Number of protein chains: 2
Amino acid sequence: MRLVAKGTLQRASRRTCRPVGGERSESAAAVSAAPWPPNSIIHGDSLVELSRLPAESVDLVFADPPYNLQLKGALKRPDESRVDAVDDAWDQFESFAAYDAFTRAWLTAARRVMKPSATLWVIGSYHNIFRIGATMQDLGFWILNDIVWRKANPMPNFRGRRFTNAHETLIWAARAPDAKGYTFNYEALKGGNEDVQVRSDWLFPLCTGQERLKDGAGRKLHPTQKPEALIARILLSASKAGDVVLDPFLGSGTTGAVAKRLGRGFIGIEREDDYVRAAQERIAAIEPLPDSALLAPPSAREAPRVAFASLVERGLVVPGTELTDAKGRVRAVVRADGTIALTGGTANVGSIHRMGALAQGAEACNGWTFWHVEQEGRRHPIDVLRARLRAEMGIAAE
Amino acid sequence: MRLVAKGTLQRASRRTCRPVGGERSESAAAVSAAPWPPNSIIHGDSLVELSRLPAESVDLVFADPPYNLQLKGALKRPDESRVDAVDDAWDQFESFAAYDAFTRAWLTAARRVMKPSATLWVIGSYHNIFRIGATMQDLGFWILNDIVWRKANPMPNFRGRRFTNAHETLIWAARAPDAKGYTFNYEALKGGNEDVQVRSDWLFPLCTGQERLKDGAGRKLHPTQKPEALIARILLSASKAGDVVLDPFLGSGTTGAVAKRLGRGFIGIEREDDYVRAAQERIAAIEPLPDSALLAPPSAREAPRVAFASLVERGLVVPGTELTDAKGRVRAVVRADGTIALTGGTANVGSIHRMGALAQGAEACNGWTFWHVEQEGRRHPIDVLRARLRAEMGIAAE
DNA sequence: AAACCGCTTGAATCCAAAC
DNA sequence: CGTTTGGATTCAAGCGGTT
């Protein structure tokens with residue numbers, strides 16, 4: 001193994017931000033001086049190098065594993081020019097069985113390195129994605145979505161014997177069915193998408209032009225370089241600034257470049273000398289975006305909880321105040337302990353949520369939006385009082 | 001077995017257009033009088049009935065097998081109404097192994113019935129499609145394309161924990177890698193698609209409204225009825241008039257209805273009484289189209305919907321860029337995820353529209369016309385950038 | 001007549017912290 | 001660990017009734 005980017009071999013394999021005490025205790029031992037988040041390319045074989053990383057240490061894995069294209073002979077365009085197909089030696093596998101064994105091995109190794117809350121992204125085409133998806137399920141990964149990358153400018157089908165192969169498939173999965181706490185920046189994504197939730201089909205152009213790395217002879221450096229925009233959406237969707245992103249098949253370094261720009265740490269593993277060198281140069285030239293463009297906005301889901309009782313304690317609601325629903329039909333009275341009592345009923349006392357549900361005959365209810373108070377002749381949901389209290393407490397309340 | 005639609009048991013299981021001499025020579029014996037193309041629903045179990053059909057007798061198979069959804073609890077919409085989930089017994093499998101065995105069995109049986117030049121279509125979601133695809137490859141099928149059905153009106157993700165599951169996947173495969181002569185109506189498809197090749201991502205709405213079959217109580221008859229437009233494109237793409245289409249999981253009979261309308265013969269197998277009866281009625285009411293109309297349906301080019309995030313992703317706006325209103329008074333900074341942050345305020349982050357509204361104290365705002373960027377000393381509304389991107393995308397957007 | 005509003009619904013692996 | 005409780009969460013279409 002040879003460590004290439006910032007840091008040394010020793011530092012790379014030993015560093016870990018929050019030691020989690022995996023199988024390799026020596027890995028988690030000397031942590032102190034290592035910069036974090038890591039920003040390193042490991043030159044070596046994925047399986048070997050993955051096994052050297054500390055267990056449960058990364059927040060997100062992105063993998064673009066080699067495809068099993070099995071192209072027989074050269075594909076030609078109608079004008080007889082040759083298509084530069086993906087037929088490098090590393091991309092040939094003797095059989096499905098060999099590919100499955102390879103897939104199972106790297107997925108298992110990657111899974112060990114994932115934190116319990118981490119998620120995994122894999123990209124592939126119909127040549128390999130079905131085998132990968134099935135293997136992921138067999139290994140216990142829990143699929144969250146499959147995502148379709150619709151290519152804005154795909155290569156046409158020259159022979160006219162099939163549909164234009166205009167997409168690739170990504171699988172997004174948690175480590176296990178019961179995995180909790182994975183990152184999904186729902187509100188941010190929605191906010192950037194005309195205020196509607198983002199769908200499972202994404203449209204991006206291929207990586208071409210200036211973005212496409214070239215070798216000395218002006219040919220494309222890597223046969224399957226992915227567009228940075230695609231990787232950026234992945235990292236912005238499913239990771240936070242400061243998280244560590246692992247790419248076991250780094251290739252031309254797109255994942256590292258995007259991670260660095262977006263303030264994520266990364267660990268990339270790559271076997272080929274040429275790719276390692278190119279990725280190193282490429283990533284070194286990246287300037288991270290300023291925090292102002294990155295830091296996560298406060299989401300309602302993550303805001304600290306405020307009990308209704310504290311509104312009463314702080315005097316924002318006086319005991320005895322009457323609450324109503326939006327239309328003023330249902331009524332309740334605020335009690336000093338922060339519970340409320342439905343008016344007219346018998347002994348219906350409880351939380352704003354329970355009583356809201358009871359009043360509607362529903363199983364559940366968000367009392368913050370159901371109940372209203374009348375102030376200055378207008379009815380406001382009590383949620384605005386909560387927002388006011390959060391603001392007073394110095395908590396960003398949106 | 002009970003034969004339901006036109007014909008009798010004997011005729012159905014013995015007929016074959018061009019006897020190909022399969023394993024069951026008695027099946028191919030008495031062919032003469034049977035009407036052709038066949039138009040029959042077989043009431044029975046797929047595996048049993050497939051094994052009774054003559055070998056190498058059908059031109060196209062369309063299969064919509066159980067998805068094995070593995071749903072846990074009930075799901076509610078934000079308004080507390082319950083989602084009518086697919087909880088039928090036929091969708092329940094004990095394990096992946098059981099589902100794989102089922103998949104392998106019906107695929108093997110279907111393959112025997114396919115002519116050497118026939119192709120197979122299967123539809124599924126991420127719950128099952130990877131397992132099906134891998135099994136198909138294992139059995140020797142040769143994948144020609146995977147096709148994405150993009151749903152125009154999918155059900156949203158109510159809890160905001162994943163991307164909207166907005167597509168399903170179809171796999172199109174030949175019987176073997178060396179299969180010759182499969183049907184692909186390239187010219188007709190292209191002619192109906194503004195003279196560009198049809199891509200692997202298709203946009204169709206769900207089957208709703210009048211097209212959706214209802215039971216006596218006005219509820220949906222079948223939980224997963226597919227839209228006829230989707231099946232029509234498949235048959236128009238990969239079969240000829242007079243071909244025989246087999247559907248081993250007929251359900252509400254969509255494949256039969258479309259096949260009859262398009263002048264294809266069909267054999268549908270279905271186990272449930274109710275579905276058989278409904279499909280029979282439905283198909284009987286279908287009037288075949290005249291030959292002259294059997295061309296590929298025109299598909300309108302969609303106007304690409306552009307989100308602000310795609311301007312950022314595509315580099316037309318760099319994260320960190322300052323936006324202002326037309327007069328340069330209100331300011332905001334563009335973030336990497338396509339949201340914007342009001343400058344000077346506390347934690348005001350959100351979409352261009354919401355932040356525009358907030359800045360004005362208005363209820364709503366069109367962020368595209370409110371916010372401006374300064375380029376070359378002049379202020380432009382960001383709408384001009386959107387127009388630019390639309391122009392770029394319009395070239396290749398479908 | 002056309003526009004508008006409200007209601008319903010669709011193959012869904014859909015929560016997390018506190019007790 | 002299981003159980004309870006707080007409280008966050010939806011988009012596009014079709015249909016029927018009303019303006």
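Not measured: the values here are computed from a predicted model.
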Test of understanding: with side-chain contact (heavy atoms from CB on, under 4.5 Å), list the residues that count as partners of B:Arg282, not counting sequence neighbours. B:Leu213, B:Gln225, B:Glu228, B:Ser252, B:Thr254, B:Ala257
Provide the distance between the two P atoms, one in C:dC7 and one in C:dA11, to the nearest whole Å. 23 Å
Any protein N or O atoms within reach of nucleotides 16-19 of chain C? Criterion: under 3.5 Å, listing atom names and distances.
unit_1: C:dA16; atom_1: OP1; unit_2: B:Arg161; atom_2: NE; d: 3.3
unit_1: C:dA16; atom_1: OP1; unit_2: B:Arg161; atom_2: NH2; d: 2.7

With B:Leu71, which residues qualify under side-chain contact (heavy atoms from CB on, under 4.5 Å), at least two apart? B:Leu69, B:Ala85
Not counting sequence neighbours, which residues clear ring-ring contact (aromatic ring centres under 6.0 Å, His included) with B:Phe158? List them please. none
For the C1' atoms, the ones on C:dA1 and on D:dT19, what distance do you get once it is rounded to whole angstrom? 12 Å
Contacts of type side-chain contact (heavy atoms from CB on, under 4.5 Å), residue B:Pro205, not counting sequence neighbours: B:Ala152, B:Asn153
Any side chain to side chain donor-acceptor pair (under 3.5 Å) involving residues 352-367 of chain A? Give me the pairs, sequence neighbours left out, ordered by first then second residue. A:Glu363-B:Lys76
Pairs: protein N or O with nucleotides 2-4 of chain D N or O, under 3.5 Å:
none

Does a nitrogen or oxygen in the side chain of B:Ser81 sit under 4.0 Å from OP1 or OP2 of C:dT9? no
Using the test salt bridge (charged side-chain N to carboxylate O under 4.0 Å, His left out), find all partners of A:Arg388 that sit at least two apart in sequence or belong to another chain. none
A:Arg386 side chain N/O closer than 4.0 Å to the phosphate oxygens (OP1, OP2) of D:dA8? yes
Sorted by chain and number, sequence neighbours left out, salt bridge (charged side-chain N to carboxylate O under 4.0 Å, His left out) with B:Asp337 holds for B:Arg335
For B:Phe163, ring-ring contact (aromatic ring centres under 6.0 Å, His included) partners two or more places apart: A:Trp172, A:Phe184, A:Trp202
Identify whether any heavy atom of A:Lys190 sits under 4.0 Å from a base atom; if not, whether one sits that close to sugar-phosphate; answer base, sugar-phosphate or nothing. sugar-phosphate
What contact category does B:Thr208 fall into here, base, sugar-phosphate, or nothing, at under 4.0 angstrom with non-hydrogen atoms? sugar-phosphate
Please convert DNA chain D into dot-bracket. A pair counts if it is Watson-Crick or G-U wobble with both distances under 3.5 Å; crossing pairs go in [ ] and bases paired with another strand get |. .|||||....|||||||||
For B:Asp100, what residues pass the side-chain hydrogen bond (donor to acceptor under 3.5 Å, both in side chains) criterion, not counting sequence neighbours? B:Arg131
Using a heavy-atom cut-off of under 4.0 Å over every strand shown, decide if B:Asp64 touches base, sugar-phosphate, or nothing. base
